[in-house]
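Written below as structure tokens is the structure these notes are about.
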There are 4 protein chains.
Amino acid sequence: MNGEKKEIILEAAVEVMAEEGYYNTKMSWIADRAEIAVGTIYNYFGSKEEVLEEIFAREFKKRLDFLAALEDDPELTARDRIKRFLEKHFSDIKNNPSLGKILVREKEFPRKKSEAIGGYLNQLPNKLAEVLSSAHQQGQLKIDNPDLTAAALFGAIQGVVERAVKLKEYSLLDEAAEELLFFLERK
Amino acid sequence: MNGEKKEIILEAAVEVMAEEGYYNTKMSWIADRAEIAVGTIYNYFGSKEEVLEEIFAREFKKRLDFLAALEDDPELTARDRIKRFLEKHFSDIKNNPSLGKILVREKEFPRKKSEAIGGYLNQLPNKLAEVLSSAHQQGQLKIDNPDLTAAALFGAIQGVVERAVKLKEYSLLDEAAEELLFFLERK
Amino acid sequence: MNGEKKEIILEAAVEVMAEEGYYNTKMSWIADRAEIAVGTIYNYFGSKEEVLEEIFAREFKKRLDFLAALEDDPELTARDRIKRFLEKHFSDIKNNPSLGKILVREKEFPRKKSEAIGGYLNQLPNKLAEVLSSAHQQGQLKIDNPDLTAAALFGAIQGVVERAVKLKEYSLLDEAAEELLFFLERK
Amino acid sequence: MNGEKKEIILEAAVEVMAEEGYYNTKMSWIADRAEIAVGTIYNYFGSKEEVLEEIFAREFKKRLDFLAALEDDPELTARDRIKRFLEKHFSDIKNNPSLGKILVREKEFPRKKSEAIGGYLNQLPNKLAEVLSSAHQQGQLKIDNPDLTAAALFGAIQGVVERAVKLKEYSLLDEAAEELLFFLERK
DNA sequence: GATGAATGAGGATTCATTCAT
DNA sequence: AATGAATGAATCCTCATTCAT
């Protein structure tokens, strides 16, 4: 019951921030959407920034965990891992496009402070780089610079989501995983 | 002499916004950086938002023009065009990383109003899609969905720039053009 | 308790604006006078202009209502009606000279927008003209141009209030009603 | 030639301030209307306020002088004097309604400083009161309180001008002198 | 825990005035 | 004398955060 209110607030925040952007979102709008009082938000979050951080923390953690789980499965090739990851990600976004909007858009944050979010935003490419790197070492993938490829891949993911969300053509997301895999398959 | 002051302001704005982000940038900081008075900015721009718009307008126009020029050269294959475009873009960013930072980061703007910026942000992927699409029709490229590929490519460009700028590893940008071409090369 | 704060703000605003004039009045002074924070004013009024509007709206409405009530009493002659109105008005001003000062002074407003205030400023002369006009038709008063006479009467009222308030000779207001009636009594 | 520029500026100022009001009038608009540069205004006036002051000073001086001249003519009764004064005033306003607008409207000024304007605004009623008072002493007029009557008369003048100017019914001004004399004529 | 009125620091913008040309 | 770009003090308004109820 208690934890539930926190969820309600986060959901409301995701919606409003997706529509308006972090800086244009007023705490009172989040409260309105969540059908609670502004003050109540501060019983669960220390600040507006923390709300955004929590959103990022959760979503990125989910994805990092998912990726970690895939790595633990020795049966899978690097290609499989990336494929599964992409499919999961795009399918999640399709289920909650608001979230997708925020995840690709909020690259600008309250200065300095929120190292937190910046951190998450780095971890995923890093993890992707790791996967690519180990695949490369095992001869599964021919890539020269895993960091670069991971950065490109991560950007491509964002680009596709952004496009799909902006045009509300969520069907783009269905083909997206397959499409992006071509990027890793080289002669 | 007159037009010069506008340039000075824009340069200062690019620097400060790159460091601090649009919303965190105070007009007075731009003025300080440009070594002028705040009021002077308003002799050249109607608002803070207009400053950002002008930056986007100029940079995107440059790139669109460059791409258009490449299209006019019948000697070039699609691959050449994209390659040249990427090389130019990454080299520009390397020369002015602050600009790169802004161009990839400012996806959130003063609400509704700035259709302007949103417009530019779409035009480039659209143009890329066009190039890919016509190449596809001429049998030069095997891609299924030019829109999707263009979105991925555009995102990948942003991702690479973002990574390079964030880690200040500008050497990443040297290999980037070559790397991203893999988006177009399939078995 | 809630509505009370709005009253406190209005009272403070009347005082400060009377002393300083609308344009010279800073929102922070109103807040200081009301012993609240600036932000609080904005919980009750949308803008500085709206504060002034509310003052005008209330005071003019009071007077229009009073005049309307007098018109509904068939026992009264036109002279009685005007007399009562003037007595009430002058007595009100005597009780709150600050208000008097504002009511006669604020003829210049934030451009265009405040049709509201302009409206009130017209309604009272119009109403006076009506009373005069109907009195004329009933042979109670000999006046040629009710509009003109009403404008003069309205101006005379303002002139007397202005003089009394400026010189702080509020006793002028005691004789004022009687004096102005001479204006309507013609051979 | 030199003095001429000052006149041009004053005319432009009267026009713009009549349309926009003192506080809403920008110095640059006056300059535009006068077809000169802003800086030039400051070669003739020390400040925006001084421009308004000069307007008031001139117009009120004109009227005070006119009234003084009428007083010097022993042939005239008080009624004649007032009548002539009113006719002149209303006719002047009819010729330059912009001026009329300013003269009745600008009761709020840059605080404290401009005692000047406040002074003029008092002098005219004072002078009127003098005329009435001496007429009273000579048994020409039956009025009890010359100050009060003068204030009412002055207010009535303003009221009529205001109405005429606001509705652009300048014909009201033709009858106005005759009408206002009723203030002096009692049973 | 929930509420929402009160708070006040913060910042974009305006515009009278200056002064180098 | 005329110019008009540059100046920066001044102020309205916003909104995240607090806290008494």
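The shown structure was predicted, so the numbers you read here are calculated from the model rather than taken from an experiment. In what follows, chains carry the letters A, B, and so on, assigned in the order in which the sequence lines appear, proteins first and then strands, with residues in each chain numbered from 1.
In this view, D:K61 and D:D65 satisfy the salt bridge (charged side-chain N to carboxylate O under 4.0 Å, His left out) rule, not counting sequence neighbours. Residues satisfying the ring pair (Phe, Tyr, Trp, His ring centres under 6.0 Å) criterion with A:F60, sequence neighbours excluded, are A:F56. Partners of C:E54 according to the side chain to side chain contact (heavy atoms under 4.5 Å, CB included) rule, which considers only residues two or more places apart in sequence or in another chain, are C:K6, C:L10, C:F45, C:R58. Checked against salt bridge (charged side-chain N to carboxylate O under 4.0 Å, His left out), B:E59 has the following partners two or more places apart in sequence or in another chain: B:K62, B:R63. For C:S28, the side chain to side chain contact (heavy atoms under 4.5 Å, CB included) criterion is met by C:K26, not counting sequence neighbours. Scored by the side chain to side chain contact (heavy atoms under 4.5 Å, CB included) test, A:I8 finds A:A34 as partners (sequence neighbours excluded). Shown here are the salt bridge (charged side-chain N to carboxylate O under 4.0 Å, His left out) partners of B:E11, two or more places apart in sequence or in another chain: there are none.
To the nearest 0.5 Å, the span separating OG on D:S98 from CD1 on D:I55 amounts to 10.0 Å.
The D:K5 side chain lies nearest to F:dA2 when the options are E:dG8, F:dT7, F:dA2.
Listed by first residue number, the stems of DNA chain F with at least three Watson-Crick or G-U pairs below 3.5 Å are E:2-21 with F:2-21.
When rounded to the nearest whole Å, the span between CD1 of B:I8 and P of F:dT7 equals 11 Å. One can place CD of D:E4 at 15 Å from C1' of F:dA1, the figure rounded to the nearest angstrom. Taking atom CD1 of residue D:I36 and atom P of nucleotide F:dA1, one finds them 13 Å apart after rounding to whole Å. Taking atom CD1 on C:I9 and atom P on F:dC13, their separation rounds to 14 Å, with Å as the unit. Distance, C:E35 CD to E:dT7 C1': 15 Å, rounded to whole Å. We find that CD1 of B:I41 is positioned 14 Å from C1' of F:dA5, with the value rounded to whole Å. Counting to the nearest Å, the P atom of F:dA6 and the NZ atom of B:K6 are 13 Å from each other.
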Starting at the 5' end of nucleotides 11-21 of chain E, put B wherever the base has a protein heavy atom under 4.0 Å, S where only the sugar-phosphate does, and a dash everywhere else.
-> SSBBSSBB---
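A cation-pi geometry, defined here as NZ or CZ lying under 6.0 Å from the six-membered ring centre and within 45° of its normal, holds between B:K48 and B:Y22.
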